[in-house]
Amino acid sequence: MNEYKGIIVSPGISVGKVYLFREEKITIPKYAIAVHQISHEIERFVQAVESAITEISQLKEKYAHQMGEQEKKLLDSHVLMLSDPVFKEDIGKKVGEKQVNVEWSLLQVIDDFIEKMNESSDEYMMARSLDFHDVSKRVMRHLLLSERMSLADLQEEVIIVAHNLLPSDAISMNKAMVKGIALDLGSKTSHTAILARAFNIPAVLGLSDISQQVNQNDEIIVDGNKGVVIVSPDKETKAKYHSTQVKWHKHEKKLMDLKTVQAETKDGQVVQLEANIEVAEEVNSVLAYGASGIGLFRSEFLFMQPSTMPSEEEQFRTYRNVLEAMKGKSVTIRTLDLGGEKVFPGIDIQEEDNPILGWRAVRFCIAKPEIFKIQLRAILRASVYGNCKIMFPMISGIEELLQTLDILQQVKKDLKRENIQFDEKISVGAMIEVPSAALTSDILAKKVDFFSIGTNDLIQYTIAVDRSNEKIAYLYEPFHPGVLRLLKTIIDNAHQAGITVSMCGEMAGDPAATVVLLGLGLDHFSMSSFSIPEIKNIIRSVDSGEAKQLVEKILSMSFAAEITEYVENWMEAHLAKVFN
Ligand code: PEP
Ligand code: MG
């Protein structure tokens with residue numbers, strides 16, 4: 001039995017047998033060609049590209065009923081890559097310069113491209129290199145006249161183990177048969193991670209060499225809650241996981257019974273539990289888990305697709321679809337939070353020394369009104385199809401907020417002039433995730449309808465601790481007295497101004513923090529859909545008075561560790577009292 005630790009990407013536990021999805025090994029021939037054969041070789045490439053494009057169209061048609069907008073768009077982007085004249089030019093150059101067959105030339109072009117992309121150490125660029133690899137492989141198969149292997153034909157339940165899963169494989173796989181995914185590669189923002197979450201398949205990625213450690217049909221456990229994979233579990237572990245799985249299902253089922261009840265404390269204080277989404281396809285699970293709305297739609301993921309910048313029309317359709325699917329429940333669309341680690345080739349953000357403190361989010365949008373206005377137009381146009389809210393990320397002070405609101409106002413004016421309908425009373429909020437915004441939240445509160453606290457960034461900036469640097473992870477403390485004081489300041493200032501406060505950072509979905517946030521007076525909690533039932537369960541078990549007392553106590557403490565321990569003990573004692 002062996003245990004491997006990877007990245008938590010999609011929750012749930014699966015026990016099953018390995019389906020080892022190996023990249024097909026194709027032998028690429030290499031032979032010299034004469035000058036007069038160059039045009040013939042290029043023509044062979046053109047034919048293979050055409051066949052690949054036809055194949056993608058057929059794939060789209062065949063699986064149209066299973067595909068969401070995101071997936072269709074991905075395939076469209078592959079067609080765009082294939083049709084790019086630069087691709088053909090590069091191949092032509094290689095064939096001409098080296099006077100070798102087209103298969104070998106294609107291999108060289110792929111290698112050059114992937115090397116360049118991987119050198120960039122940029123997560124987005126690396127993900128794009130996978131797309132390029134994917135389309136090139138398809139062309140290669142047509143050149144070699146080989147058949148494409150497909151996960152669409154899976155006929156029995158399996159756990160897919162692979163070095164990597166290309167987006168087109170993930171899209172076409174028979175999802176009903178895929179019970180889990182474990183990959184060597186991958187990050188939280190890779191396409192496969194996004195799709196696994198959207199399809200509700202437990203997944204652990206970034207496992208280094210799991211594909212080398214398993215054999216076809218091995219027994220395997222994928223624990224998406226802990227980011228752990230166990231190969232060939234012994235009897236004891238299997239029994240343990242079996243009971244964990246049964247408990248998890250029972251627990252989930254029991255929690256799901258709460259789907260239709262409110263998140264209400266024992267003394268009647270009601271809070272809203274909303275969901276965070278990255279792609280429109282997640283709406284189904286948002287509804288399944290009983291979210292009262294979407295508290296954060298990370299719209300930048302729409303822009304991080306491999307194709308070009310989404311048009312106003314494309315954005316409008318996506319926002320409208322989400323709003324309609326939510327049937328009147330509120331949908332808070334966060335405007336572009338690009339920059340930092342989230343960049344893509346079509347956008348001219350140069351490498352910066354400190355990207356996390358750099359040209360990002362509203363700073364970028366204010367400087368690029370031509371991009372920002374298109375998004376605002378799309379959101380406003382969609383706003384008549386449901387209960388839509390807009391919120392701006394990374395606001396650092398009143399000047400930035402006013403500039404942003406001014407651009408929104410201009411877009412509203414334009415739409416009015418064009419006689420295009422939108423919700424004129426649309427709620428507008430500011431994310432509070434920069435300490436300067438938290439400390440001036442009394443000023444900001446007068447200009448917006450709500451706040452949403454982004455604790456992922458707020459904690460990172462308050463304690464000066466990079467949220468993705470493992471070496472200093474011990475410093476990333478949600479219960480640091482500095483963080484707690486800021487949270488109190490934000491919530492109190494918002495309430496004084498008569499506006500509501502939401503939280504959409506990970507802290508909102510952390511069961512250890514629920515009672516503290518309740519005691520601080522948070523109105524809306526927004527989190528991954530699957531966390532909603534558990535948080536609701538906790539909220540329904542407490543009295544708002546005891547939550548306030550807990551907060552009063554911890555605000556008098558000086559040490560983060562002391563507070564964390566106190567809250568953990570309090571929660572343990574509380575849960576034991578209430579649920580046993
Ligand atoms: C946050 O910072 O808490 C947040 C919700 O935004 P993101 O994680 O997308 O930066
Ligand atoms: Mg943030």
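The first residue of the sequence shown is numbered 1, and numbering continues consecutively from there. Whatever order the structure lists ligands and atoms in, that order sets their numbers, starting from 1.
For Leu458, no heavy-atom contact with ligand 1 is shorter than 4.0 Å. Within the 4.0 Å heavy-atom criterion, neither part of Glu278 lies near ligand 1.
Of the N or O atoms in Glu300, none lie within a sub-3.5 Å distance of an N or O in ligand 1.
In this structure, the side chain of Asn225 engages the main chain of Gly12 through a donor-acceptor pair within 3.5 Å.
A salt bridge links Arg381 with Glu312; the closest basic N to acidic carboxylate O contact falls under 4.0 Å. Here Glu324 does not pair with Arg317 in a salt bridge; the nearest charged N to carboxylate O distance is not below 4.0 Å. In summary, Arg298 and Asp337 do not engage in a salt bridge, as defined by a charged side-chain N under 4.0 Å from a carboxylate O.
Closest to the Mg ion (ligand 2) among the N, O or S atoms of Glu433 is OE1. Within Asp457, the N, O or S atom at minimum distance from the Mg ion (ligand 2) carries the name OD2.
Of all atoms in ligand 1, listed by their number and element, those nearer than 4.0 Å to a heavy atom of Gly454 are 1 (C), 2 (O), 3 (O). Residue Leu296 approaches ligand 1 through these ligand atoms, each under 4.0 Å from one of its heavy atoms: 5 (C). The distance from ligand 1 to the heavy atoms of Thr455 drops below 4.0 Å at these ligand atoms: 3 (O). Ligand 1 places these atoms under 4.0 Å from at least one heavy atom of Cys504: 5 (C).
Among the backbone and side-chain atoms of Asp337, no N/O/S atom is found under 2.8 Å from the Mg ion (ligand 2).
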Subject >> Evaluation steps, side chain to side chain contact (heavy atoms under 4.5 Å, CB included), between Leu458 and Ile453 >> reply: CA-CA 8 Å; Leu458 185 64; Ile453 308 173; 3.9 Å; yes

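At least one cation-pi condition fails for Lys412 and Phe422: the charged atom is not both under 6.0 angstrom from the six-membered ring centre and inside a 45 degree cone around its axis.
Scored by the ring-ring contact (aromatic ring centres under 6.0 Å, His included) test, His495 finds no partners at all (sequence neighbours excluded).
For atom 9 (O) of ligand 1, the candidate residues are Glu506, Arg298, Arg360; the nearest heavy-atom contact is made by Arg298.
Partner of Glu274 under the side-chain hydrogen bond (donor to acceptor under 3.5 Å, both in side chains) criterion, out of Ser452, Ser292, Ser529, Ser330: Ser330 alone.
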